[in-house]
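First comes the structure, then the notes that go with it.
Please read these numbers as outputs of a predicted model, since none were measured by experiment. We name chains A, B, ... by the order of the sequence lines, and we start the count at 1 in each one.
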Amino acid sequence: MKATHVKGKDRGHIFLFALSTCGWCRKTKRLLQNLGVAYEYIDVDLLKGKEKTEAEKEMRRWSPRTSFPTLVINDEKSVVGFDEARIREAIGI
Amino acid sequence: MKKIDVEQKEIQALYGRLDKEAEASGYHLNPDEEFAKDLVRSLLINEKRYGYWACPCRLASGVKDDDLDIICPCDYRDADLTEHGSCYCALYVSQDVLEGKKAVGSIPERRPSAEERQKREGGAPSVAVSSLSLPVWRCRVCGYLCARDGPPEICPVCKAKKERFERFL
Ligand code: SF4
């Protein structure tokens, strides 16, 4: 999966499963940007075929119904949905 | 998949239409106009991408039959409005939210998983209806009922298309 990198402070590996069309995903990206942390994201709706299926499969580990946005931190915890307090807590900011 | 562009005037036109239709039937668009217009833009993108208004906040399969329940307005909007004050994307909000009595936020997904959805398919009405002179059709989006030979072209209440109706009785 080729993710987009956004530069910022290193706060561990922060990975966002998003949709290019979703309002809550946009808010999540904006929050991460404002927090100034480095993160990676993929817009799953822009993927095709095998790549899309793979991303969905990977996502299901964290969000069984593949709800967006799903934020995964250090491959160990996740926050599903745009919840500013929980996102801050998970990142430790 | 390449980026799809939508013109500002298309967004404006659809936003105006949805706002008018919503208000006429007791629904409301999110008063955060920028947020709502971003979602309207997404509906237009999805229309170009899939041929229908797939919900902007859900991953569409691209197969219309499998996405019918998440064509905007989706089958889950009204229940979410009642329970959470907004639809999943927060394009539509309740009166309380409109009046500022309640805040909107990300809400849990109500749409059942693909497996669960498949199981629910094909549940024909079980009530004995032989006494009815006409079948009764139900709009899956808003619950509107009508007794006629077939469902209407569009729901007079929520404007959902014919294919969103089910045989109720
Ligand atoms: S009504 Fe349903 S499909 Fe439309 S924006 Fe809201 S959640 Fe998405």
Side-chain angles (χ1 to χ4, degrees), chain A residues 1-4 15-34 41-72 78-91, chain B residues 1-6 11 29-30 32-50 52-63 67 70 72 74 76 80 84 86-93 103-117:
Chain A
M1 282 188 292
K2 43 180 193 310
T4 307
F15 194 95
L16 177 68
F17 290 94
L19 295 175
S20 67
T21 47
C22 145
W24 299 122
C25 300
R26 208 168 291 133
K27 284 204 189 252
T28 307
K29 288 175 185 170
R30 205 173 295 156
L31 172 67
L32 293 171
Q33 190 105 42
N34 291 343
Y41 73 87
I42 41 168
D43 286 325
V44 182
D45 59 322
L46 299 180
L47 302 176
K48 271 198 288 201
K50 226 178 93 196
E51 269 195 327
K52 185 174 166 191
T53 328
E54 258 170 40
E56 282 181 79
K57 200 173 131 209
E58 170 65 22
M59 221 186 135
R60 247 176 234 122
R61 288 173 50 206
W62 306 103
S63 171
R65 290 191 190 181
T66 58
S67 322
F68 294 89
T70 290
L71 189 68
V72 181
S78 63
V79 180
V80 178
F82 174 68
D83 183 332
E84 178 161 353
R86 282 188 56 218
I87 292 174
R88 282 172 179 272
E89 191 195 306
I91 298 176
Chain B
M1 212 173 268
K2 67 175 193 307
K3 277 251 189 273
I4 295 171
D5 277 331
V6 178
I11 301 172
L29 293 188
N30 193 327
D32 180 341
E33 204 175 308
E34 192 193 330
F35 187 81
K37 280 188 179 162
D38 268 340
L39 289 168
V40 168
R41 180 170 176 272
S42 296
L43 287 178
L44 289 163
I45 290 175
N46 281 350
E47 180 173 7
K48 289 179 197 197
R49 185 178 287 157
Y50 306 114
Y52 47 90
W53 290 350
C55 178
C57 308
R58 294 178 167 114
L59 186 61
S61 70
V63 179
D67 292 341
I70 53 161
C72 192
C74 62
Y76 314 103
D80 280 337
H84 303 288
S86 78
C87 70
Y88 190 55
C89 295
L91 174 60
Y92 291 93
V93 301
V104 284
S106 222
I107 62 170
E109 171 64 296
R110 182 179 298 273
R111 186 189 199 201
S113 67
E115 298 79 59
E116 289 168 314
R117 288 202 302 280

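Contacts between Ala60(B) and chain A at a heavy-atom distance below 4.5 Å involve the backbone alone (N, CA, C, O). Neither the backbone nor the side chain of Thr66(A) has a heavy atom closer than 4.5 Å to any heavy atom of chain B.
Contact count against chain B (heavy-atom pairs under 4.5 Å) is highest for Arg26(A) among Glu84(A), Arg26(A), Lys27(A). In terms of non-hydrogen atom pairs under 4.5 Å with chain A, the most contact-rich of Pro56(B), Cys89(B), Ser42(B) is Pro56(B). Options Gly105(B), Cys55(B), Ala54(B) differ in how many heavy-atom pairs under 4.5 Å they form with chain A, and the most are formed by Gly105(B).
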Q: Determine, stepwise, if the pair Phe35(B) / Trp24(A) fulfils side-chain contact (heavy atoms from CB on, under 4.5 Å).
A: CA-CA 9 Å; Phe35(B) 187 81; Trp24(A) 299 122; 4.2 Å; yes
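The pair Lys52(A)-Glu56(A) fails the salt-bridge criterion, with no side-chain N (NZ, NE, NH1 or NH2) lying under 4.0 Å from an Asp/Glu carboxylate O. By the 4.0 Å N-to-carboxylate-O rule, Arg58(B) lies close enough to Glu109(B) to be salt-bridged with it. Salt-bridge formation is detected for the pair Glu58(A)/Arg61(A): a Lys NZ or Arg NE/NH1/NH2 atom is positioned less than 4.0 Å from an Asp or Glu carboxylate oxygen.
Checking Tyr50(B) against Asp67(B) by side-chain atom types alone, no donor-acceptor pair falls below 3.5 Å.
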